Amino acid sequence: MKGVRMSARNRLPGTVVRVKLGGVMAQVTIRVGRNLVDAVITRDSAEELGLKKGDRVAAVVKSTEGMVAKEA
């Protein structure tokens with residue numbers, strides 16, 4: 001994302017597939033390659049960003065814990 005600087009290193013560029021607005025929260029579904037990532041953000045944030053289907057965005061993951069699972 002040009003023009004945006006942030007400390008989080010886990011950025012997954014993708015395209016908005018769906019924005020589902022609720023009373024207070026919004027669910028944003030982002031296609032990252034062949035995968036879908038869902039993010040739940042405040043409705044105010046979704047509206048401020050003007051998120052809509054087809055927008056190029058980045059899913060940013062910031063966590064103090066990560067897990068890896070491997071199928072047997």
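Values below: all heavy atoms of this structure, side chains included; hydrogens, waters and symmetry mates excluded. The shown structure was predicted, so the numbers you read here are calculated from the model rather than taken from an experiment.
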Which residue pairs pass the salt bridge (Lys or Arg N to Asp or Glu O under 4.0 Å) test when at least one of the two sits in residues 34-47, sequence neighbours left out?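 As it turns out, the salt bridge (Lys or Arg N to Asp or Glu O under 4.0 Å) pairs with a partner in residues 34-47, which skip direct neighbours, are R43-E47.
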
Interatomic spacing from CD1 in I41 to CD in E48 - rounded to 0.5 Å: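 Going from CD1 on I41 over to CD on E48, the span is 9.5 Å.
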
Given V28, which of L51, V40, V57, L49 fulfils the side chain to side chain contact (heavy atoms under 4.5 Å, CB included) condition?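 So, applying the side chain to side chain contact (heavy atoms under 4.5 Å, CB included) to V28 and each of L51, V40, V57, L49, only L51 qualifies.
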
Group every Ile, Leu, Val, Met, Phe, Trp and Tyr by side-chain heavy-atom contacts under 4.5 Å, then state whether V60 and M25 land in the same group. no

With sequence neighbours left out, what residues match R11 under side chain to side chain donor-acceptor pair (under 3.5 Å)? none

What residues form a side chain to side chain donor-acceptor pair (under 3.5 Å) with K52, not counting sequence neighbours? D55

Return a table of donor-acceptor pairs under 3.5 angstrom between the side chains of residues 12-21 and protein atoms on other chains or two or more places apart.
from	atom 1	to	atom 2	distance (Å)
T15	OG1	R56	NH1	2.8

Exercise: identify the closest heavy-atom pair between A59 and I30: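 Nearest heavy atoms, A59 then I30: CB-CD1, 4.0 Å.
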
